[in-house]
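Heads up, the thing below is written out as structure tokens.
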Amino acid sequence: QVQLVESGGGLVQAGGSLTLSCAASGRTFSRYAMGWFRQASGKEREFVARISSSGGSTIYADSVKGRFTISRDNAKNTVYLQMNSLKPEDTAVYYCAADRTQYGSRYAADFEVWGQGTEVTVSS
């Protein structure tokens, strides 16, 4: 089973960009679909994006489509979330998660392994 560590969060002005990284331990990373979720203060965790185990398939939440890009490098055991045109409503703790299926889903309950989260704050 993989273990996940996110990094790259921080404070950014509206309209700016950040790239989050999620490094996975273990030899089986390429067998996992990977997802990014976020949780704003006082709100439920919500789906952001997911990528298939091969990287060939991606899906996004409507709220981030066209602004965020999920990608992965299986040789480096890392998944990324490139975030552009950030808005104050993107402020949240961002979590990466792993699902030991080829395609994964947009549902948090389907993901078996979670990182500790990295905080993103977008100022207006």
Side-chain angles (χ1 to χ4, degrees):
Q1 183 165 320
V2 296
Q3 292 182 321
L4 307 174
V5 178
E6 301 97 332
S7 61
L11 174 64
V12 64
Q13 288 189 332
S17 299
L18 278 176
T19 299
L20 306 183
S21 300
C22 174
S25 64
R27 300 180 180 179
T28 59
F29 175 74
S30 62
R31 299 178 186 174
Y32 287 79
M34 298 296 296
W36 286 97
F37 292 79
R38 66 187 182 187
Q39 187 166 17
S41 179
K43 296 188 177 181
E44 294 186 354
R45 191 169 297 189
E46 65 173 358
F47 170 77
V48 175
R50 81 96 176 103
I51 188 166
S52 64
S53 58
S54 69
S57 172
T58 58
I59 58 173
Y60 297 90
D62 288 344
S63 59
V64 307
K65 199 173 295 183
R67 300 188 297 122
F68 290 12
T69 302
I70 188 171
S71 62
R72 67 189 295 161
D73 186 338
N74 284 346
K76 295 183 178 180
N77 279 14
T78 303
V79 63
Y80 305 96
L81 185 68
Q82 173 69 43
M83 305 186 294
N84 298 326
S85 303
L86 282 161
K87 305 175 181 180
E89 52 263 43
D90 294 319
T91 295
V93 177
Y94 283 71
Y95 299 89
C96 71
D99 176 6
R100 196 167 180 173
T101 64
Q102 184 177 1
Y103 290 104
S105 76
R106 60 177 66 227
Y107 302 106
D110 291 338
F111 287 79
E112 301 149 5
V113 183
W114 291 82
Q116 84 289 348
T118 186
E119 189 165 7
V120 172
T121 302
V122 184
S123 63
S124 57

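These numbers come from the heavy atoms of this one structure, side chains and all, not from hydrogens, waters or symmetry mates.
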(Q) As a test of understanding, state which of Asn74, Ile51, Asp73 forms a side chain to side chain contact (heavy atoms under 4.5 Å, CB included) with Val79. (A) Ile51

Q. Would you say Gln3 and Val113 make side-chain contact, with heavy atoms under 4.5 Å?
A. no

Q. Taking the hydrophobic residues Ile, Leu, Val, Met, Phe, Trp and Tyr, and joining any pair whose side-chain heavy atoms are under 4.5 Å apart, which ones share a cluster with Tyr80?
A. none

(Q) As an exercise, state the distance from CD1 of Ile70 to OG of Ser52, rounded to the nearest 0.5 Å. (A) 9.5 Å

Q: Might you point out which heavy atoms bring Arg106 and Phe37 nearest each other, and give the distance in Å?
A: O-CE2, 3.8 Å

Q: Answer yes or no: is there a side-chain heavy-atom contact under 4.5 Å between Phe47 and Ile59?
A: yes

Q: Mark yes or no for whether Arg50, through its side chain, and Ser57, through its backbone, hold a donor-acceptor pair below 3.5 Å.
A: yes

Q: For the residue pair Lys76 and Ser21, establish whether any side-chain heavy-atom pair is separated by less than 4.5 Å.
A: no

Q: Output the distance between atom CZ (Arg72) and atom OG1 (Thr58), rounded to the nearest 0.5 Å.
A: 12.0 Å

Q.
Restricting to ring pair (Phe, Tyr, Trp, His ring centres under 6.0 Å), what partner residues turn up for Tyr94, sequence neighbours left out?
A. none

Q. How far apart are the closest heavy atoms of Gly9 and Leu20, and which atoms are they?
A. N-CD2, 3.6 Å

Q) Tyr60, Met34: one ILVMFWY side-chain cluster at the under-4.5 Å cut-off? A) yes

Q: Indicate the atoms forming the closest heavy-atom contact of Val12 with Leu18, along with that distance.
A: CG1-CD1, 4.0 Å

Q: Measure the NZ-OG distance between Lys87 and Ser124 for me, rounded to the nearest 0.5 Å.
A: 14.0 Å

Q) Below 4.5 Å, heavy atoms only, C-beta onward: do Met83 and Trp36 meet side chain to side chain? A) no

Q: Would you name the heavy atoms of Ser30 and Ser53 that are closest together and state the gap between them?
A: O-CB, 3.2 Å

(Q) Just to verify, what does Phe68 make a ring pair (Phe, Tyr, Trp, His ring centres under 6.0 Å) with, not counting sequence neighbours? (A) none

Q) In terms of hydrophobic clustering (I, L, V, M, F, W, Y; side-chain heavy atoms under 4.5 Å; direct or indirect links), are Phe29 and Phe111 co-clustered? A) no

Q) With no hydrogens and no angle check, is any side-chain donor or acceptor of Glu6 less than 3.5 Å from a backbone partner on Gly117? A) yes

Q: Kindly give the heavy-atom pair with the smallest separation between Ala24 and Val2, and that separation in Å.
A: CB-CB, 4.4 Å

Q: Compare every heavy atom of Ser17 with every heavy atom of Ser85, then report the nearest pair and how far apart it is.
A: N-OG, 4.4 Å

(Q) Are Tyr95 and Leu81 linked, directly or through intermediate hydrophobic residues, by side-chain heavy-atom contacts shorter than 4.5 Å (ILVMFWY only)? (A) no

Q.
Is it true that Gln82 and Thr19 share a donor-acceptor pair across their side chains at a distance under 3.5 Å?
A. yes

Q | Note: Asp90-Arg67 ion pair, threshold 4.0 Å (strictly below) | A | yes

(Q) Can you tell me which residue among Glu89, Glu44, Glu119, Glu46 is in a salt bridge (Lys or Arg N to Asp or Glu O under 4.0 Å) with Arg38? (A) Glu46

